[in-house]
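The structure appears right after this line, and notes come after that.
Within every chain, numbering begins at 1; the chains are lettered A, B, ... in the order of the sequence lines, protein sequences first and strands thereafter. For the numbers below, each heavy atom of this structure counts, side chains included, while hydrogens, waters and symmetry mates do not.
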Amino acid sequence: MINYREKIAELLMTAVEGLSKEELTAMIEVPQDEKMGDYAFPCFRLAKQLRKAPPMIAKDVAEKIAGDNVFEKVEPVNAYVNMYISREAYVSDLVKEVVTQKETYGNSQLGEGKKVIVEYSSPNIAKPFHIGHIRSTVIGNSIYKIYKALGYDTMRINHLGDYGTQFGKMICAYRRWGNEEDVIKSPIKTLLSYYTKFHVEAENDPALDQEARDIFTKLEQGAEEELRLWQWFRDESLKEFTKVYNMLGIEFDSYAGESFYSDKMGRFVEELKTKQLLKASEGAQIVELEEQNLPPALITKSDGSTLYITRDIAAAVYRKETYNFDKNIYVVASQQNLHFQQWIQIVELLGYEWARDCVHVPFGLVSLEDGTMSTREGRVVFLEDVLNKAVEKTKEIIAEKGVNTDNIEETAKQVGIGAVVFQELSNNRIKDYVFSWDRVLNFEGETGPYVQYTHARAASVLRKAGAEAVAKAEAGEIKASYVISDSAYDLVKLIYKLPEVIAEAGEKYEPSIVTRHVINIAQSFNRFYHNEHVLVENEEEKTAKLALVIAAKTAIKNGLALLGMEAPEKM
RNA sequence: GGGGCACUAGCUCAAUGGAUAGAGUCGCAGACUUCGAAUCUGUCGGUUGGGGGUUCGAAUCCCUCGUGCCUCACCA
């Protein structure tokens, strides 16, 4: 398949002097209005050096490149050179490419030989998985899949919040008010209730806080009973998290959380000391970051114990030494911007050049209509409830419409959960949003079910066409003249753009770019579907159109897969 | 108070410094005897938070003010 941008840049090199291929490629645009062509080249910037009016330049450039047969037409319009690609070759090449590549269409070898780590989800154990956690989980999962598609060697890490004074509190509370049976029956809800009670009681009895700190110290020192309880809480929590991960179809390669690094920190405190970066202040040890325009970072507390910044440094070094990553991505809330700036700077100060390969990918806050979420105050929406409700609603819709599907349970799961995931990935990740049941349970317009419906509809046409006709279309030899109408061509262009879109989403760590593009493909397909009849009498026309349907279906399915979504054949 | 992020149609959001700022949703008007109406078509809707500046050209870059959120030493 021709890379048209590259091809056009090469042609422009023969018409414009003094600019490199890269510079020219960057200048090529896609006009907002397709009536103005498939690609455009603005000539404003050339005016100064060529000492000519932009429209004149456009006219000259257009004349020079118009002869090439990739173009149907090249037209100067004011300061722009508008280029129209010859549709038949474009369409037949693209369709052939997609039907042969199938599920790998959109993938590339950009990242070949490079290792990428994606850290995401990372919930605190013994706390419920609420709607706020969906962001890191789902965004991280999609970034992982995007990088995989770009050819990187990828690894997923769930950096569990399984360490810290909070577990001293938890153990303390369990000993005072807990009982084993309740915990086994409903681990997280029960543990949370102990934790909440602890905070209420500690208000009146500050001795509790000291007791909790002591318990944590014992835990750190490896006391048997404390360790056993902690391990138990951790196992039970992980069991419940796994339930949610299974619903979402999400997996990890490592669950090495904070506790994993508890014995790997001393080295850095020493190293910071040796390199004279540590400074005593009010009994604690800090690193000054004035030159970096950052507030000082607290490394050890006045009682000598460490904080999570030390653990993050230890984790980064461990990962570099163990996995030798080229890129180490952290999908963590924007609230922690300062924290990441600080520790990455410290790693750099320690002389590790790879510090700049550590990337914090922040995202905005989810709040509820009555304010910021707070598990302790009971202001919380559980993710499992959201997923279940979405599945329920899907079942209702399926029943109501009487749609044909072989497995209602499975379809409802794919569509309901897909709706939640898609919603989550449809906006720029940096934006804050307020959780709304209405929005998450909306299945019309720019939503997951809309895209999945489009896919199922394409599948339905193929079923109706029959295996023989489909096989013929999949062979890829088509008479492209039957699929160059505006609506067919618009669809083809969007499918062609999918690989570019995936690369951009990877560069920007922004799954929503894929989400929006998948919507565009679905919209375009539906327009095509309404404007033209696919299953026509004329065999050649039918084959060409079926091939386009297969291409569109494939593109949608592959796009959804990158978001972590299924594409049902029937719904 | 310092730092960061956000602000675009009634609502939710798009828009590599480029042509007339686009979608969805809401409202209104249409399209199922025809490959799936979770669909499609049309219509209504804008001082891109305010004000300066840079540029041939600004929603986009710079300055400033406003509003909201996040964050700033012993939680993570």
Per-nucleotide protein contact string for nucleotides 25-30 of chain B (B base, S sugar-phosphate only, - none; heavy atom under 4.0 Å): S-----

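- A heavy-atom distance below 4.0 Å to RNA chain B is reached by these residues of residues 411-426 of chain A, ordered by number: A:V415.
- The separation of B:C32 from B:U41, taken at their P atoms, amounts to 16 Å, rounded to a whole angstrom.
- Ion pairing between A:K542 and A:E539 holds under the 4.0 Å rule for side-chain N and carboxylate O.
- Between A:F340 and A:H360, the ring planes are parallel. Angles under 30° get that label, and only those over 60° would be called perpendicular.
- Residue A:A297 is classed as having no contact, given no heavy-atom separation below 4.0 Å to the nucleic acid.
- Backbone-only engagement by A:L307 is indicated by non-hydrogen atom pairs under 4.0 Å involving sugar-phosphate atoms exclusively.
- Residue A:I430 places its CD1 atom among more than 12 non-hydrogen atoms of other residues, nucleotides or ligands, all under 6.0 Å distant.
- Spacing of C1' atoms, B:A21 relative to B:A59, comes out at 8 Å, to the nearest Å.
- Aromatic ring orientation, A:F528 versus A:F525: tilted (interplanar angle from 30° to 60°).
- Checked by distance alone, A:S281 brings a side-chain donor or acceptor within 3.5 Å of a matching partner on the base of B:A73.
- A 6.0 Å sphere centred on NZ of A:K169 holds more than 12 heavy atoms belonging to other residues, nucleotides or ligands.
- Each of A:Y120, A:W343, A:F363 was checked for a ring pair (Phe, Tyr, Trp, His ring centres under 6.0 Å) with A:Y330, and the lone residue meeting it is A:W343.
- A:I146 is not listed as a side-chain neighbour of A:Y509, based on a closest heavy-atom distance of 4.5 Å or more.
- Along RNA chain B, the nucleotide nearest A:N428 and the nucleotide nearest A:L365 are compared for position; the residue whose nucleotide lies closer to the 5' end is A:N428.
- Scanning residues 21-30 of chain A for heavy-atom distances under 4.0 Å to RNA chain B yields A:A26, A:I28, A:E29.
- Both A:E258 and A:P31 lie near RNA chain B, and the one whose nearest nucleotide falls closer to the 5' end is A:P31.
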At under 4.0 Å between heavy atoms, how does the protein contact nucleotides 1-9 of chain B? Give one character per nucleotide, 5' to 3', with B, S or -. ---SSSS--

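- Contact annotation for A:A47: no contact, since no heavy-atom pair falls under 4.0 Å across all strands.
- For A:R379, the CZ atom is densely surrounded, since the number of other residues' heavy atoms within 6.0 Å is greater than 12.
- In RNA chain B, the stems built from three or more successive Watson-Crick or G-U pairs (distances below 3.5 Å) are B:1-7 with B:66-72, B:10-13 with B:22-25, B:27-31 with B:39-43, B:49-53 with B:61-65.
- Using a 4.5 Å heavy-atom threshold, the side chains of A:L192 and A:P128 count as touching.
- Using a 4.0 Å cut-off between charged nitrogen and carboxylate oxygen, A:K553 and A:E569 count as a salt-bridge pair.
- Ring pair A:H133/A:F129 is tilted by interplanar angle, where 30° to 60° counts as tilted.
- A 6.0 Å sphere centred on NZ of A:K264 holds more than 12 heavy atoms belonging to other residues, nucleotides or ligands.
- For the atom pair CG (A:N427) and CG (A:D432), the distance works out to 11.0 Å, reported to the nearest 0.5 Å.
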Could you tabulate the donor-acceptor pairs under 3.5 Å formed by side-chain atoms of residues 290-303 of chain A, not counting sequence neighbours?
from, atom 1, to, atom 2, distance (Å)
A:D303, OD1, A:S305, N, 3.0
A:D303, OD1, A:S305, OG, 2.7

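- Looking at the side chain of A:R439, the nearest of the listed nucleotides B:C13, B:U41, B:C35 is B:C13.
- Not one side-chain nitrogen or oxygen of A:R45 sits closer than 4.0 Å to the OP1 or OP2 atom of B:C56.
- Protein atom CZ of A:R429 is 12 Å distant from nucleotide atom P of B:A14, rounded to whole Å.
- A 4.5 Å side-chain heavy-atom check between A:P54 and A:R45 finds every atom pair outside the cut-off.
- As a whole-Å value, the separation of A:Q32 CD from B:A15 P is 12 Å.
- Between the side chain of A:S302 and the base of B:C74, a donor-acceptor pair under 3.5 Å is found.
- At a threshold of 4.0 angstrom between heavy atoms, the contacts of A:E282 include nucleobase atoms, whether or not backbone atoms are also involved.
- The phosphate of B:G36 has OP1 or OP2 within less than 4.0 Å of a side-chain N or O from A:K464.
- Side-chain atoms of A:N82 come within donor-acceptor range of the base of B:A19, with a qualifying N/O pair under 3.5 Å.
- Using a 4.0 Å heavy-atom distance criterion, A:I513 is classed as making no nucleic acid contact.
- A:F44 comes within 4.0 angstrom of a nucleotide base, judged by non-hydrogen atoms across all strands.
- In this structure, A:K59 places its NZ atom where only 12 or fewer heavy-atom neighbours from other residues, nucleotides or ligands lie under 6.0 Å away.
- Within 6.0 Å of CG in A:N531 there are more than 12 heavy atoms belonging to other residues, nucleotides or ligands.
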